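Notes for the one structure printed next.
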Amino acid sequence: MSPKNRCSAGPGTATSHSLHWRTDLMADAPQGRDYRETVFLPDLPGDPFPLRAGLPKKEPERVKHWAEIGLYHLLRKEAADRPKVVFHDGPPYANGPIHIGHAENKILKDFVVRTKQMAGFDCDYVPGWDCHGLPIEWKVEEDFRKQGRKKSEVPAVEFRRACREYADKWIPLQRDEFRRLGIEADWDNYYTTMSFEAEAAIAREFLRVVRTGLVYRGSKPVMWSPVERTSLAEAEVEYQEKTSPTIWVKFPLRSAQADGDANRDEIMDASIVIWTTTPWTIPGNRAISFSSNIDYGVYRIDSIEEGLAFDPWVKVGDKIIVATKLADDVLRAAKAASWKRVSDFDPKNAVALHPFRAHGYDFEVPLLDGDHVTDDAGTGFVHTAPSHGADDFVIWEKNFGQEGIPFTVDEDGRYTKEAPMFEGLEILQLEGKGLGKDGPANKAVMDKLIEVGALLARGQLKHQYPHSWRSKAPLIFRNTPQWFIALDKPYRDGKTLRQIALDEIDRVDWGQKRTGETKDYNRIRGMIEDRPDWLVSRQRAWGVPLPIFVKKCDGSILQDDEVDARIFAAMKEGGADVWWATPAQDFLGAKHKADEYEKVEDILDVWFDSGSTHAFVIGNPEAPTRASFVNPVSTIYLEGSDQHRGWFHSSLLESCATRGKAPYDEVITHGFTMDEKGMKMSKSIGNTIEPQKIAEQNGIEILRLLIASAEYGDDLRLGKIMIDQSGEMYRKLRNTLRYCLGALRGFEDSERVPLNHDLPLMERWLLHRLHEVDAAVRKGYETYQWRMALGAIVEFCNVDLSAFYVDVRKDTLYCDAPSSFRRRATRTVLHETFSRLTAWLAPILPFTAEEAWLTRFPESVSVHLRTFPETPDAWEDDFAGEEVAKLREARAVVTGALEVARRDKVIGAALEAAPRVFVKDDGLRASLQAVDFAELCITSGVTIVDGDGPADAFRLPEAPGVAVVIEKAPGVKCARSWKYFDPATADPRYPDITSRDAEAVAAWDAARA
RNA sequence: AGGCCCGUAGCUCAGUUGGUUAGAGCACACGCUUGAUAAGCGUGGGGUCGACAGUUCAAAUCUGUCCGGGCCUACCA
């Protein structure tokens, strides 16, 4: 269909006025005829587009209507042959009702999809949901607990089924909420990460990564609860006060930089002192961290405190090495009475020995330079047990990789054989009354340290310590085997995953290309540059397994296409559950023996799930999942800026690992929603605003408009003031559409005039403005700067249309005869204006644009099936632009003068005046004389005079050379147009109106004769 | 605590490569109109450009520090 040619279909016609006489008005004007009914006022019969929109009630009806006509499918059909743009939905988590952040996210996405579609692309939108992961696992666990069943007692498959049901319950609810926001998408064919197809695809994606050789088994200390025998995620940890022992431990120096130094002898028999609150980690010690920003010294103990209740562990003559700033504290804790600093100490390249070196700990303890070391507390040296701390692990891995990190503690929190002398001892008590209290490990280690003479001092400390938020039991860091994807291993054309990802970051437009905004580009780049290897295994229940078999003899991962194909096929048929429900041998087939392999039962990091959505939702360009995804000109992702760490990040790594390229070409990010003061919204503070509330109270269009007018890349402030303000902007836009609808009543093709330079200057200028605004709107939409597009539209409506063009042309619209060229020209350009306004606004205000469009063209299907109307370059008219700019400046002087006259009670309405306008400049004077300047000023007349004007004339600094003196308009007031005119010029048949009005009334009367 | 980012009128935003008295719309006040009328038009008040210091003949614009806010990490041996 071609909407452009449908103007004959407008509602009503110019001759459909009712013919009743307004007797009340006649009483006021007994001498003359009441011409009111001959005036073409813009009200529409029945007021089908009232200013009070009733959005909260009408929007849901419209949503229903769009669903009924299958708008989504009509859009696809309409755009089938167009170039494709793929917008890929980042899946929200299928848990709980949607909040305002979801609303902002989905509305911004809707802007992208709708503007692309209307810009002439086919932009499909398949919404999705993220279903696996902890939050659902917790909820379900809680539900089971309420039934008196522990998670460990529920079979994995049953537990997973409950998780699936939980997610399934929320998806339709969230979907309806999204629909209510006016989001146009394929709501009947959404994707989920838990569909069997998705689970199979995710598993296959992981197997693809395995084939690159990037997957390896390593280890990492994780938060571990010995009491619950499980690892915990960061979010499951809470910090509570705990009293811990503190110990100062001596590590004898083996060698130091000071070799050959004058102080060598002073240094070489000294010990480095560390301080820790976890004595049990001493067997795991493998290094000591220092900071090159801290000053260290060697201290010799010269005397010891006397009269102590116990024998101190230090002896006169002992030499210890600590940070200069902390030396006094340490020595006092050690009960030394006097001491002497005998040397400086440079820890660089120094090596110490483990205090238990004679008892199975015969290795060197290197000193490592680390940023995490401070001299606020302790000794300035940090005991480093890579199995038992995040910093410890990081610094060790940085220096030595994963080599040499011991597994000193098992899953019950007992020492393993890698902790000689202590094997079997528990860190925490695992049963009985002392559950969760310190086990024998701490004491055993301290006793042994005393025995070997390595303990310098000890004490107790109350501090914040991590606890399980469920059991409230203390946690430990424990090194556990995990699966990783290597970032720095060359695998594709000699490049590493990190390198490929960085190259792809440069290729993708994060805004640095379209707007020059580099913040998102910098942010993702920084993250990929810095991040460690991707830890992809989780010891959890609700997710997709790492579907791999490890050869027991050499630890390699089985790589067999047939096995992989069986796994994929089985999962596609029965979901990821089959991994647990099917005997290993069924997957391994005849070629491999199950007892030779370890079946990995960890599940994949849920970020791997969502990082794989591109693979099963939009697919490869060569194997897309839908026709609308074939060979897109661009693939777009849009999410909140937190997804630099999340979905953007994991999708990039996953896709670069499996396909060598990012899954997207353009990325758009948005900030977070804040309260009116710019503070974070939180339920506990009670400053949240629900999108459902806005929909009920104001209408979702108000929120959509607010989002479109905001700098969405930054945080979005939301409060009553902003919402009210958006409501005002909405009314202005709506009223503009409403006025156009009224002014265009009965407009038909036959009334159109050619759009060329024969038009009056005002119309030439309006077309010129449409051309300018069109460019701004297109550019704004192309670069996702909704604000720029909307700003251009709003300014056009306010400044150009409402305050100028329409105000001036009201006289023409109301009073000219329908056949008048000027009136026809006005209506023709207003028609073009309406056509563009409805199209430009449709992506932002889909409900209102639709309502306006269908009001004018009731048998049209939907405004959303349109594209942005072409705006011919021939409309660009610099002459008209410049002329009108000049005229408006001069007009401003007249308006100013009128205001003064009004204040002085000389006039009321502008039509009572006929200003004298003194213009010095010949060119400007000619411009004023070339048009009906009185018409522009909405006065009954105007006299344009050469000269400076009298001294007391009104002037404006912005318009030098223009001076205005207001004079009352002579003559009588036209009973129809209210203009003052010379009665001698009147048509004798209509003596009380101007000749122009007489012509119009004559035509009116003739039509009714 | 670290990384990245934000901070221009009551609100949402413009402010080009540093260059005269910092702009717009909305809101507010006042006036006009009563033929866009729970509308329309006009006029006006309102900002030490988060603070301080520096570079410069000149800074909202460049640099540094601080304050407030956000996202992401980390939270301590």
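As the structure is a computational prediction, the values presented were derived from the model and not from experiment. Per chain, numbering begins at 1; letters A, B, ... match sequence-line order.
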Quiz item: Does A:Lys905 place a side-chain N or O at less than 4.0 Å from the phosphate oxygens OP1/OP2 of B:rG31?
Solution: no

Quiz item: Taking only residues two or more places apart in sequence or in another chain, which ones pass ring-ring contact (aromatic ring centres under 6.0 Å, His included) with A:His644?
Solution: A:Phe648

Practice problem: Calculate the interatomic distance between A:Leu898 atom CG and B:rC32 atom C1'; express it in whole Å. | Solution: 10 Å

Quiz item: Salt bridge or not for A:Glu711 and A:Arg787, using N-O below 4.0 Å?
Solution: yes

Quiz item: Does the base of B:rA77 carry an N or O that pairs as donor and acceptor with the side chain of A:Ser289 under 3.5 Å?
Solution: no

Quiz prompt | A:Thr895 vs B:rG42: side-chain N/O to OP1/OP2 distance below 4.0 Å | solution = no

Practice problem: For B:rA29 versus B:rG10, give the span between their P atoms, rounded off to a whole number of Å. | Solution: 16 Å

Exercise. Run the salt-bridge test on A:Arg823 and A:Asp816 with the 4.0 Å N-O cut-off and return the result as yes or no.
Key: no

Quiz item: Counting side-chain heavy atoms from CB outward, which of B:rC41, B:rG70, B:rG35 is closest to A:Lys680?
Solution: B:rG70

Quiz item: Taking only N and O in the side chain of A:Ser802, is any of them less than 4.0 Å away from OP1 or OP2 of B:rC41?
Solution: yes

Quiz item: Should A:Arg902 be listed as having a side-chain N or O under 4.0 Å from OP1 or OP2 of B:rG31?
Solution: no

Nucleotide N/O to protein N/O under 3.5 Å, stretch nucleotides 25-28 of chain B:
residue, atom, partner, partner atom, Å
B:rG25, N2, A:Gln725, NE2, 3.0
B:rA27, OP1, A:Glu728, OE1, 3.1

Practice problem: Measure the spacing between OG of A:Ser802 and CG of A:Asn735 and express it to the nearest 0.5 Å. | Solution: 7.5 Å

Self-check item: Between C1' of B:rU43 and CD1 of A:Ile966, the distance in whole Å
Solution: 14 Å

Quiz item: Considering only B:rC72, B:rA36, B:rU12, which nucleotide approaches the side chain of A:Met722 most closely?
Solution: B:rU12

Quiz item: Is the closest side-chain heavy-atom distance between A:Ser641 and A:Phe672 below 4.5 Å?
Solution: yes

Quiz item: To the nearest angstrom, how far is A:Asn687 atom CG from B:rG69 atom C1'?
Solution: 13 Å

Exercise. Taking ring-ring contact (aromatic ring centres under 6.0 Å, His included) as the test, write out the residues that go with A:Phe111, two or more places apart.
Key: A:Trp786

Practice problem: Taking only the side-chain heavy atoms of A:Val382 (C-beta and beyond), determine which of B:rA38, B:rA77, B:rG70 contains the nearest atom. | Solution: B:rA77

Exercise. May I ask you to check if A:Arg734 and A:Phe49 form a cation-pi contact, with NZ or CZ under 6.0 angstrom from the six-membered ring centre and within 45° of the axis?
Key: yes

Practice problem: Determine the Euclidean distance between corresponding C1' atoms of B:rG47 and B:rG42; express it in Å to zero decimal places. | Solution: 24 Å

Quiz item: How about A:Tyr730 and A:Thr848: does a side-chain donor come under 3.5 Å of a side-chain acceptor?
Solution: yes

Quiz prompt | Under 4.0 Å protein heavy-atom contacts per nucleotide of nucleotides 3-8 of chain B, with B for base, S for backbone only and - for none | solution = B-SS--

Quiz prompt | A:Thr673 side chain to A:His99 side chain, donor-acceptor N/O pair below 3.5 angstrom | solution = no

Self-check item: Rounded distance (Å) that lies between atom P of B:rC72 and atom CD1 of A:Ile528
Solution: 17 Å

Exercise. Ignoring backbone atoms, establish whether A:Lys677 has a side-chain N or O less than 4.0 Å from OP1 or OP2 of B:rG69.
Key: no

Quiz prompt | Nucleotide pairing, RNA chain B (Watson-Crick or G-U, distances under 3.5 Å), in dot-bracket with [ ] and | | solution = (((((((..((((.....[...)))).(((((.......))))).....(((((..]....))))))))))))....

Quiz prompt | Upstream residue (5' side of RNA chain B) when A:Leu716 and A:Ala909 are each assigned their closest nucleotide | solution = A:Leu716

Practice problem: Classify the side-chain pair A:His383/A:Thr281 by whether it contains a donor and acceptor separated by less than 3.5 Å. | Solution: yes

Quiz item: Using a distance-only test with no angle check, is there a side-chain donor-acceptor pair under 3.5 angstrom linking A:Thr783 and A:Thr515?
Solution: no

Self-check item: Listed nucleotide nearest any side-chain atom of A:Arg731, set B:rC71, B:rG35, B:rA38
Solution: B:rA38

Exercise. Using the closest heavy atom to pick a nucleotide of RNA chain B for each, name whichever of A:Phe804 or A:Gly678 lands nearer the 5' end.
Key: A:Phe804

Practice problem: With sequence neighbours excluded, tell me which residues meet salt bridge (Lys or Arg N to Asp or Glu O under 4.0 Å) with A:Arg478. | Solution: none

Quiz item: Under 4.0 Å: is that the gap between some side-chain N or O of A:Arg809 and OP1 or OP2 of B:rG40?
Solution: no

Practice problem: Using atom CD1 of A:Ile938 as one end and atom P of B:rG35 as the other, report the distance to the nearest whole Å. | Solution: 15 Å

Exercise. Determine if A:Phe40 stacks with B:rG35; use a centre-to-centre distance below 5.5 Å and an interplanar angle below 30° as the criteria.
Key: no

Quiz item: Does a side-chain N-to-carboxylate-O contact under 4.0 Å join A:Lys979 and A:Asp811?
Solution: yes

